[in-house]
Amino acid sequence: MIYCDVSLPVPLDQSFTYELPETLQHRVQPGCRVLVPFGVRKLTGVVVELHDRAPEGPVKEALRLIDEEPVLDATLLALGRWIAQYYCAPLGEVLRSMTPLSGEVRKTRLYSLTDAGRDAARQFVMGASEEDSAVQVLQLLDTRPLSASYLQKKMPNATRVIRSLEKKGLVAIEDLEAERDPLRASSARLRASWLGPNPDGQKLTKRERELHAFLELHPGTHNLGELEASVTGASQAARSLARRKLIALEPEAPTGVFASEGPPHTLNPHQLEAYQQIEEALRSGKFHTFLVQGVTGSGKTEVYLKGIDACIALGRSALLLVPEIALTPAVAGQFFHRFGDRVAILHSAFHDAERAEQWRRIRDGLATVVVGTRSGVFAPVQNLGLVVIDEEHDQSYKQQETPRYNGRDVAIVRAQAAGAVVVLGSATPSLESRYNAERGKYTRIQLPERIERRPMPDVEVIDMRQEFLETRKLATFSHRLVESITERLEKGEQTMLLLNRRGFSSFVACRACGERLECIDCAVTLTYHRRDRRMLCHYCNYAQKVPTVCPKCGSEYLHFVGTGSEKVEEELHRDFPTARIARMDRDTVSGKRHFESILHGFREGDYDILVGTQMIAKGHDIPNVTLVGIVSADVGLGLPDFRAAERTFQLLTQAAGRAGRGDLPGIVLIQTINPEHYAVRYASEQNYDGFYEKEIQFRKLMRYPPFSALANVLVRSQKQEEALALSTELGEMLDPAPEGLKILGPAEAPVPKLKSEFRYQLLIKAASRKRLNETLRELREFARERKWNPTALVIDVDPLTLM
Ligand code: ADP
Ligand code: ZN
Ligand code: ZN
């Protein structure tokens, strides 16, 4: 085979053929990454086919093989093709997001001379002045390819110079994605253990011999940082021994773990029944999907754990996906505790090198239990027997950039191909999943009560309009809420307060002329952030100073409108000066670590009150919380999105579910000006089925999912006329609507301008998925023929948000 077809991360629906130089011919396999020339650059792509069919015209040679073994096996390549097809995304971009590129390998961009550049470098040697920075760059590059950061160190304006040299065709860019050595993680994050005797008497240094002997005499795994403290030079010796496979070095479990865990619980009768059904399906070895609908606190996790046990006992592997925010050390710790070194955790707190190590352990079949977030669905799990998707309704399973896949749905497709069992779990299943259960596509299993028959929390709805009439004040907290918080503080119990809006005030308006301060790049108002003393765009992060006068009319009468989580925190400090208060939202939580430390502190009782956005509503199991207050249930209700009610219901129900999970019963107070809205009503009754019945009627009537296949087609451009013209063209192409399709728009998108781009959108509802897919393909073909800018057309299949 002398040719390979390579799928490159470019927005084009095709692969590219390259010739294999002799040195690569027997080493390249489908699923390996190769470095190839593409225009003036070099790109990394995935080999999808090897063949002997000479293409027409000239063909370039592949430059380098990146992986000696495929990073994507045949199953994953097939899954990638399915994603590209179903989500109408270019295969190269899909494969790129499936390969562990970003995690396991370091990206470097190297600059090298083209032939013309080499000539130029040598000509310049004679004559040109030394100060000329272009000459200096050329001469540096004449020695070897260099990275931008290296050049930048040599001369501050290197980037600009390179860009101009590149334009002149003198310099080429090479995007390298070199593999990182997994053993480069710091010692404190590695554990060492003995693997076996030194078979062929390899020469070891004195230190290596000592360490090898030490590990043989002390079975089990040892933290390398600690070893280093007692055995000098242990760290270096360990790495060298690990390279020779005499000892193993493995990533440490994330820190802060080991919070909970005693022995496994004995399943209660509902859990047992759920487990037995799953176990039976596992034994039959056939694809089957369960929807475990269990109220908050019903012990779903324990059912998953037992299911995973059963799966491993049958000699197969298990994959568990959790929402982004949920993969805390507490959760990870539970898994380490339960499955020891058979578990691989794809946790963002790990360094790249550690992730690479996890990835290898999974691929080599050493890790048979894999826990990860959305992209974990692409882990190279061998012999997959069970896939669990916790909180299956969670929005973080949907990727919001190309490829816009839903990890839950991809997981089901993967499981189907593998003949594996799927368990979807939630207290508030997505309408789609619940409907699939109703149609018999999934088997529904219910866990109708909390563990140990603990009561569901009592929920009260507080009508804030009434509150206003009585007090004539626009208060953030109702009397009832203040009273209840005071009571918790007195009893030493904990409170969680949810307001799903960041910042201090929502926006600034001028009382004189009505002007609202907007982002310069987006058609949205800026949010006031008091601590940072700035106005911030929540869509693009643009920031500016807080105005003291109206930028339009100069009036001083500026009015800060609305309340965000930052203001809630401040008012709490004012009203409860002795309370210990923590806030958790994207402004206080910079890194993953910080988020975990707040949560850990709250669990340990360091705080009385935790305020936050939806982050605090997800999955957390903190027994001492006996009051949950929803500062405003109205935040998401008014959004022009058919999922607004569903999302509000889920958020309120999940938040309410954080109360009374321990021995003490809990209460929930929901403040709202929409007390009769069905999402609020059913959430206050914690009545999922009631909500489902009502919402499904609405979806049916309006032909929204699950009664149609939906796609959001977005057209964007820096120029408004162009965005409008292109979207009009698409609209005309779809007029009259092809049979079986209903087209809404084109119309201005709910956020008409974002990051300097004007946006128009079309919604397509289709009776059949096949028709929808065909139509979307026609749209892409249309855009390609007319040479639209490749980023002008965005297709979102099964969108979760229309904003
Ligand atoms: P859910 O995810 O359904 O909201 P969890 O899985 O977090 O609920 O379980 C709630 C709590 O009940 C956890 O603290 C868990 O350890 C505990 N638990 C689960 N199963 C049992 C059981 N059979 N007996 C006693 N406690 C249990
Ligand atoms: Zn004004
Ligand atoms: Zn903006």
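The chain is numbered in sequence order, starting from 1. Order of appearance sets the numbers: ligands from 1, and atoms from 1 within every ligand.
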- [ ] Cation-pi check, Arg511 to Tyr557: give yes when NZ or CZ is under 6.0 Å from the six-membered ring centre and within 45° of the ring axis, no otherwise.
- [x] no
Task: Pairing residues for Lys567 by the salt bridge (charged side-chain N to carboxylate O under 4.0 Å, His left out) criterion, not counting sequence neighbours - done: none
Which atom pairs, one a donor and one an acceptor, fall under 3.5 Å between side chains of residues 651-670 and the rest of the protein, sequence neighbours left out?
{"unit_1": "Thr653", "atom_1": "OG1", "unit_2": "Phe649", "atom_2": "O", "d": "2.7"}
{"unit_1": "Gln654", "atom_1": "OE1", "unit_2": "Arg658", "atom_2": "NH2", "d": "3.1"}
{"unit_1": "Gln654", "atom_1": "NE2", "unit_2": "Thr428", "atom_2": "OG1", "d": "3.0"}
{"unit_1": "Arg658", "atom_1": "NE", "unit_2": "Ala617", "atom_2": "O", "d": "3.2"}
{"unit_1": "Arg658", "atom_1": "NE", "unit_2": "Gln654", "atom_2": "O", "d": "2.9"}
{"unit_1": "Arg658", "atom_1": "NH1", "unit_2": "His620", "atom_2": "O", "d": "2.9"}
{"unit_1": "Arg658", "atom_1": "NH2", "unit_2": "Gln654", "atom_2": "O", "d": "3.3"}
{"unit_1": "Arg661", "atom_1": "NE", "unit_2": "Asp621", "atom_2": "OD1", "d": "2.6"}
{"unit_1": "Arg661", "atom_1": "NH1", "unit_2": "Gly657", "atom_2": "O", "d": "3.1"}
{"unit_1": "Arg661", "atom_1": "NH2", "unit_2": "Asp621", "atom_2": "OD1", "d": "3.4"}

Open item on the list: Please determine whether any non-hydrogen atom of Ser298 lies less than 4.0 Å from an atom of ligand 1.
Closed with: yes
- [ ] For the Zn ion (ligand 3), state how many protein N, O or S atoms fall inside a distance shorter than 2.8 Å.
- [x] 4
- [ ] Apply the test salt bridge (charged side-chain N to carboxylate O under 4.0 Å, His left out) to residues Glu646 and Arg643: give CA-CA distance (whole Å), side-chain angles for both, the deciding distance (0.1 Å), then the verdict.
- [x] CA-CA 5 Å; Glu646 180 183 10; Arg643 288 188 206 269; 3.7 Å; yes
- [ ] Over all heavy atoms of both residues, which pair between Val546 and Tyr528 is shortest? Give the atoms and the distance, please.
- [x] CG2-CE1, 3.6 Å
Open item on the list: With no hydrogens and no angle check, just 3.5 Å: does a side-chain donor-acceptor pair link Arg444 and Gln293?
Closed with: yes
Open item on the list: Please verify the inter-ring angle class for Phe335 with Phe339; under 30° counts as parallel, over 60° as perpendicular, anything in between as tilted.
Closed with: parallel
Task: Minimum non-hydrogen distance to atom 4 (O) of ligand 1, winning option of Pro623, Gly297, Ser426 - done: Gly297
Open item on the list: If you measure every N or O of Gln271 against every N or O of ligand 1, does any of those distances drop under 3.5 Å?
Closed with: yes
Open item on the list: Please classify the Thr266 to ligand 1 contact at 4.0 Å (heavy-atom distances, strictly less than): side chain, backbone, both or neither.
Closed with: backbone
Task: No-hydrogen, no-angle side-chain donor-acceptor test under 3.5 Å, Tyr542 and Gln544 - done: yes
Open item on the list: What I want to know is whether Leu267 and ligand 1 share at least one N or O pair that is separated by under 3.5 angstrom.
Closed with: no
Open item on the list: Pairing donors with acceptors under 3.5 angstrom, does anything connect the side chains of Thr373 and Glu324?
Closed with: no
- [ ] Could you tell me whether some N/O pair between His265 and ligand 1 is separated by less than 3.5 angstrom?
- [x] yes
Open item on the list: Please determine whether any non-hydrogen atom of Arg450 lies less than 4.0 Å from an atom of ligand 1.
Closed with: no
TODO: Take the Zn ion (ligand 2) and tell me which protein N, O or S atoms are nearer than 2.8 Å.
DONE: Cys510 SG, Cys513 SG, Cys550 SG, Cys553 SG
TODO: Keeping the roles fixed (side chain from Ser727, backbone from Leu724), state whether a donor-acceptor pair exists under 3.5 Å.
DONE: yes
- [ ] Would you kindly say whether Ser298 and His270 are connected by a side-chain donor-acceptor distance under 3.5 Å?
- [x] no
- [ ] May I ask you to check if Arg516 and Phe507 form a cation-pi contact, with NZ or CZ under 6.0 angstrom from the six-membered ring centre and within 45° of the axis?
- [x] yes
Task: Heteroatom proximity flag, Thr296 to ligand 1, N/O under 3.5 Å - done: no
Task: Closest approach of Met615 to Met584 (non-hydrogen atoms, all atoms of both residues) - done: O-CE, 4.0 Å
- [ ] Answer yes if the ring centres of His600 and Phe602 are under 6.0 angstrom apart, and no otherwise.
- [x] no
Task: Atoms in ligand 1 with a heavy atom of Arg661 nearer than 4.0 Å - done: 1 (P), 4 (O), 5 (P), 7 (O), 8 (O), 10 (C)
TODO: Would you mind telling me if ligand 1 is within reach of the side chain of Thr301, the backbone, both or neither, using heavy atoms under 4.0 Å?
DONE: both
